[in-house]
Chemist: 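Could you have a look at this structure, given as structure tokens, before my questions?
A, B, ... follow the sequence lines: proteins, then strands. Residue 1 opens every chain.
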Number of protein chains: 2
Amino acid sequence: MDKKDLQILSAISELGTGSPERIQEKTDIPKSTVHYRITKLQEAGVIEDDLYSIDLSSIGLEITLISEVSAEYEEGYHTEVGDELSQIEGVNKVYFMMGDTDFVVISKLADRNMVEELIADFEEIDGVNRTNSQFVITTVKDTTNPIAAYSSEALTSMVSETE
Amino acid sequence: MDKKDLQILSAISELGTGSPERIQEKTDIPKSTVHYRITKLQEAGVIEDDLYSIDLSSIGLEITLISEVSAEYEEGYHTEVGDELSQIEGVNKVYFMMGDTDFVVISKLADRNMVEELIADFEEIDGVNRTNSQFVITTVKDTTNPIAAYSSEALTSMVSETE
DNA sequence: ATTGAAACTTGATCGTT
DNA sequence: AACGATCAAGTTTCAAT
């Protein structure tokens, strides 16, 4: 697992494809080399299947953290705070909602230090006044694409048919 | 937007690829037809880019709901409750954690009826004793793959190099 | 282990219905 | 709009380094 592997994994994640050509464009690593590396990563179990889902624990991202962040209500504050939260390294999802909790933030981290840093980053943001973080013990279900949570039959009955 | 389109969108979501051949295998729709339909869906803005991320609101899935579900602690209950939560139609993610909230459940729904149904489904599960749901107003950030939240440089410094 | 070039497989296009 | 046949583009393999 060297820099070249990580460049390839990053490219797969960012592009959403394992296409050697696309990865070459992104990384300047020749497509035949990309192909060779991907084969090795599959053998090692880092890339789990033909759809290129990546085993996060094999690159150290073992901790999932769910954080509730609430912020002061002032004009414009909420979008600004949301943007700042979303830019913190390691943050995957930021949901904004009305009510007691303003934001739910989901992040993947490697160790306790990164957890400390993340929480410190939250509290440094201007306008944030309360944070509460919990470690995820198990992710019971994780479908990346919400549509996959429905059968095409269920979708058909939901969507008004447009001829 | 007819049944054939929805079969194709389902296949894209399930397979994680827009490959006409793969979709043909899954749906028995000829790959040339699949290609034709996908082009139309792209023109219509339903499929947003070349990586096949799907515009959920254009097929009616406009509501994101985050629910906290707590359950009785008894031997085995937690895994069982988690499984049942994950099987409810529309549920995308189920996180299990220690502490006050046991589960965080994220779902994508089309209308208020489905919200009511979902919450009823939660409460029907044996062992569930408290649920609290909030509507997401805006999803500020949503990276499907956690690795994309890090630069390859950040990953390199995190991962112990294996020669 | 890397890579340029050849061989092959798949995706995109075309023409007919 | 659908789809079988054709063409173009991509992926995989291979041989030399």
Chemist: Measuring from the side chain of A/Glu21 (C-beta onward, heavy atoms only), which nucleotide among C/dT3, D/dT11, C/dG11 has the closest atom?
Modeler: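 Selected nucleotide: D/dT11.
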Chemist: Of all the nucleotides listed (D/dG4, D/dG10, C/dG4), which has the minimum atom distance to the side chain of A/Ser19?
Modeler: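 From the listed options, D/dG10 comes nearest.
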Chemist: Report the distance from atom CD of B/Gln7 to atom P of D/dA2, rounded to the nearest whole Å.
Modeler: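 Spelled out: CD on B/Gln7 to P on D/dA2 is 12 Å.
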Chemist: For A/Lys31 and A/Tyr36, find the nucleotide of DNA chain C closest to each by heavy atoms; which residue's nucleotide sits nearer the 5' end?
Modeler: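 The residue closer to the strand's 5' end, by nearest nucleotide, is A/Tyr36.
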Chemist: C/dT3 phosphate, OP1 or OP2: any side-chain N/O from A/Thr33 under 4.0 angstrom?
Modeler: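 Answer yes for this pair, as a side-chain N or O of A/Thr33 is under 4.0 Å from OP1 or OP2.
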Chemist: Please report the distance, rounded to the nearest Å, between CZ in A/Arg37 and C1' in D/dT11.
Modeler: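 In whole Å, D/dT11 C1' and A/Arg37 CZ are 19 Å from each other.
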Chemist: Is A/Asp121 reaching over with its side chain to a backbone N or O of A/Glu124, donor-acceptor style, under 3.5 angstrom?
Modeler: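 Between the backbone of A/Glu124 and the side chain of A/Asp121 there is no qualifying donor-acceptor contact (under 3.5 Å).
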Chemist: Is there a side-chain contact between A/Ser32 and the phosphate of D/dT11, meaning an N or O under 4.0 Å from OP1 or OP2?
Modeler: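 The answer is no; no side-chain N or O of A/Ser32 sits under 4.0 Å from OP1 or OP2.
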Chemist: Is the side chain of B/Lys26 donor-acceptor paired with the backbone N or O of B/Leu15 at a distance under 3.5 Å, no angle test?
Modeler: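 Answer holds: no.
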Chemist: How close or far is atom P of C/dG11 from atom CD1 of B/Ile12, stated in whole angstroms?
Modeler: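 The distance from CD1 of B/Ile12 to P of C/dG11 comes to 13 Å, rounded to the nearest Å.
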Chemist: Check the distance between D/dT12's C1' and A/Gln24's CD and give it to me in whole angstrom.
Modeler: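 Checked: the CD to C1' distance equals 14 Å.
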Chemist: Would you say that B/Ile147 contacts A/Leu6 through its side chain, given a criterion of any heavy-atom pair below 4.5 Å between the two side chains?
Modeler: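 Not in contact.
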Chemist: How long is the line joining CG of B/Asp28 and P of D/dA2, in whole Å?
Modeler: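 My rounded result for the distance is 15 Å.
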Chemist: Does C/dT10 have its OP1 or OP2 closer than 4.0 Å to a side-chain nitrogen or oxygen of B/Arg22?
Modeler: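 For B/Arg22, the contact criterion (side-chain N or O under 4.0 Å from OP1 or OP2 of C/dT10) is not met.
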Chemist: Looking only at side-chain atoms of A/Pro30, point me to the closest of D/dC3, C/dT3, D/dT12.
Modeler: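 Nearest nucleotide to the side chain: C/dT3.
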Chemist: Less than 4.0 angstrom between a side-chain N/O of B/His35 and OP1 or OP2 of C/dG11, yes or no?
Modeler: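 No, no such contact exists.
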Chemist: Take the protein atom CD1 of A/Ile38 and the nucleotide atom C1' of D/dT13, then report the distance between them rounded to whole Å.
Modeler: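 For the pair A/Ile38 CD1 and D/dT13 C1', the rounded distance is 15 Å.
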Chemist: Under 3.5 Å, is there a donor-acceptor pair between the side chain of B/Asn113 and the main chain of B/Glu116?
Modeler: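 No: the side chain of B/Asn113 does not pair with the backbone of B/Glu116.
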Chemist: Please indicate whether B/Asp126 has more than 12 foreign heavy atoms, meaning atoms of other residues, nucleotides or ligands, lying under 6.0 Å from its CG.
Modeler: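 No, not enclosed.
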Chemist: Please state how far atom NZ in A/Lys40 lies from atom C1' in D/dT13, giving the value in whole angstrom units.
Modeler: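 Atom NZ in A/Lys40 sits about 15 Å away from atom C1' in D/dT13.
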